[in-house]
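As structure tokens, the structure follows; a few thoughts come after it.
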Amino acid sequence: MPELPEVETVRRGLAPAMEGARIRQVQLNRENLRFPFPDNFGSVLEGARIKALSRRAKYLLCELDNGHTVIMHLGMSGSFRLIEEKAVSTPGGFHLPKSDIAKHDHVKFHLEKDHSNLLVVYNDPRRFGFMDLVQTEQLYESRFLAELGAEPTGNAFDGNMIAAMFSGKAAPLKAALLDQRLIAGLGNIYVCEALWRSGLSPRKPAGRIVNRNGSASKKCDMLAVAVREVIAEAIEAGGSTLRDHRLADGSLGYFQHSFQVYDREGDDCAKPGCGGTIRRIVQSGRSTFYCPKCQR
DNA sequence: AAGGGAGCCTGGCGGC
DNA sequence: TGCCGCCAGGCTCCCT
């Protein structure tokens, strides 16, 4: 479920319960997800207290009080469930009632907070997600975070920044916006939506929206605004829920009802007076949805 | 050197 | 009903 707004929604769902909690036990139901779990994963986590749950791009960062931070990525299909203590509590934490045990539950974090037990379960059918452990001091030099580009929610993100990033680029706008080394956190859905909102074709070479002298054109400004807005609105809506993914508390995000182009091939373009039809094309192996009439 | 494609996995859906 | 191919929100690696 995971582009930036979904990860942020997960973070907001888990943080109140997890921050300040102590990790009693970590249960790994397999030795790897996309990558192997680090050897010391359990030993470093168990007994530690969670200081903060934050986010960078699509990564969840769980800072512990022992100098380590857990880096987590949800891949394509990862999700968390938060389960409050139930009747089946034991001295070692508690176990899921049979009805709550799901296929592909790969990691269970048994937590204790304010004398009650919590269970945080990570489920991931496709196992493209992963978890890693780094020294908090070197967090931003770690291999996953070091290369990341601008946070599209940040104050510095504007048309000038886009101009600097896209200047001279031959890659299509779609690919440039998906490049995590430039802007970090956008995925297939929100890129399609942002391009539609800004009236720009996903096929247009990224460098061509930049002024000849390298400064920000009107198009750069409009694109920056569209990206900021679509991300902000999606976070506000609790992200998008596709294929029945749930949020940590079991509820559903509803931004998918606001999609104007994503997965809407054949629909009329929603832009007033446009009259175009949404089309699906494939760019670098992935679906792009756009309106050929008003996106130029 | 940047850009495109395959590969990693499982599950759900539509077509026959 | 069953089987098959295609598709899916991400990322890394390898090739040109």
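A note on names: the letters A, B, ... follow the listed sequences, proteins ahead of strands, and every chain is numbered from 1.
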Listed by chain and number, what are the side chain to side chain donor-acceptor pair (under 3.5 Å) partners of [X], not counting sequence neighbours?
X	result
A:Arg49	none
A:Arg203	A:Tyr290
A:Glu8	A:Arg11, A:Arg12, A:Arg55
A:Thr69	A:Thr136

Got a sec, which pairs hit salt bridge (charged side-chain N to carboxylate O under 4.0 Å, His left out) with one end in residues 206-222 of chain A, sequence neighbours left out?
-> none
With sequence neighbours excluded, give me every salt bridge (charged side-chain N to carboxylate O under 4.0 Å, His left out) pair touching residues 59-72 of chain A.
->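 Salt bridge (charged side-chain N to carboxylate O under 4.0 Å, His left out) check on residues 59-72 of chain A returns A:Lys51-A:Glu63.
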According to a strict under-4.0 Å criterion, is [X] in side-chain N/O contact with OP1 or OP2 of [N]?
X	N	result
A:His104	B:dG11	yes
A:Ser287	C:dA8	yes
A:Tyr262	C:dG9	yes

Would you classify A:Lys103 as touching base, sugar-phosphate or nothing, given that sugar-phosphate means primed atoms plus P, OP1 and OP2, and contacts are heavy atoms under 4.0 Å?
-> sugar-phosphate
Which residues, if any, of residues 191-216 of chain A bring a heavy atom under 4.0 Å of DNA chain C?
-> none
Given side chains that start at C-beta, do those of A:Leu74 and A:Glu6 come closer than 4.5 Å, heavy atoms only?
->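 A side-chain contact is absent here, since even the closest heavy-atom pair is not under 4.5 Å.
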Can you tell me, in whole Å, how much space there is between the P of B:dA6 and that of C:dC6?
->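 Roughly 13 Å separates the two P atoms.
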Say you pick atom P in C:dG5 and the same atom in B:dG7; how far apart are they, in whole Å?
->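 Pairwise P distance, C:dG5 against B:dG7, rounds to 16 Å.
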Applying ring pair (Phe, Tyr, Trp, His ring centres under 6.0 Å), which residue pairs with at least one partner in residues 172-217 of chain A are found, sequence neighbours left out?
->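 Sorted result for residues 172-217 of chain A: A:Tyr190-A:Phe255.
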5' to 3', nucleotides 10-16 of chain C under a 4.0 Å protein heavy-atom cut-off (B base, S sugar-phosphate only, - none) gives BBS----
Decide whether a cation-pi geometry holds between A:Arg143 and A:Phe130; the criteria are a distance under 6.0 Å from NZ or CZ to the six-membered ring centre and an angle within 45° of the ring axis.
->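 So A:Arg143 doesn't make the cation-pi contact.
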In one Ile/Leu/Val/Met/Phe/Trp/Tyr side-chain cluster, 4.5 Å: A:Phe157, A:Val225 | no
Under 3.5 Å, which donor-acceptor pairs link side chains of residues 160-178 of chain A to any protein atom two or more places apart or in another chain?
from: A:Lys174; atom 1: NZ; to: A:Asn188; atom 2: OD1; distance (Å): 2.7
from: A:Lys174; atom 1: NZ; to: A:Ser287; atom 2: O; distance (Å): 3.2
from: A:Lys174; atom 1: NZ; to: A:Thr288; atom 2: OG1; distance (Å): 2.7

In whole angstroms, the gap separating P of B:dG14 from CG of A:Asp263 amounts to 12 Å
What is the distance from CD1 of A:Ile281 to P of B:dG4, rounded to the nearest Å?
->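 In whole Å, B:dG4 P lies 11 Å from A:Ile281 CD1.
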Contact list (N/O, under 3.5 angstrom) for nucleotides 3-5 of chain C vs protein:
none

Do A:Arg22 and A:Glu112 meet the salt-bridge criterion of a basic N to acidic O distance under 4.0 Å?
-> yes
DNA chain C base-pair string [pairs: Watson-Crick or G-U under 3.5 Å; |: paired with another strand] = .|||||||.|||||||
A:Asp124 and A:Ser77: side chain donor to acceptor below 3.5 Å = yes
Of the candidate nucleotides C:dA8, B:dG3, B:dG11, which contains the atom at the shortest distance from the side chain of A:Lys169?
-> B:dG3
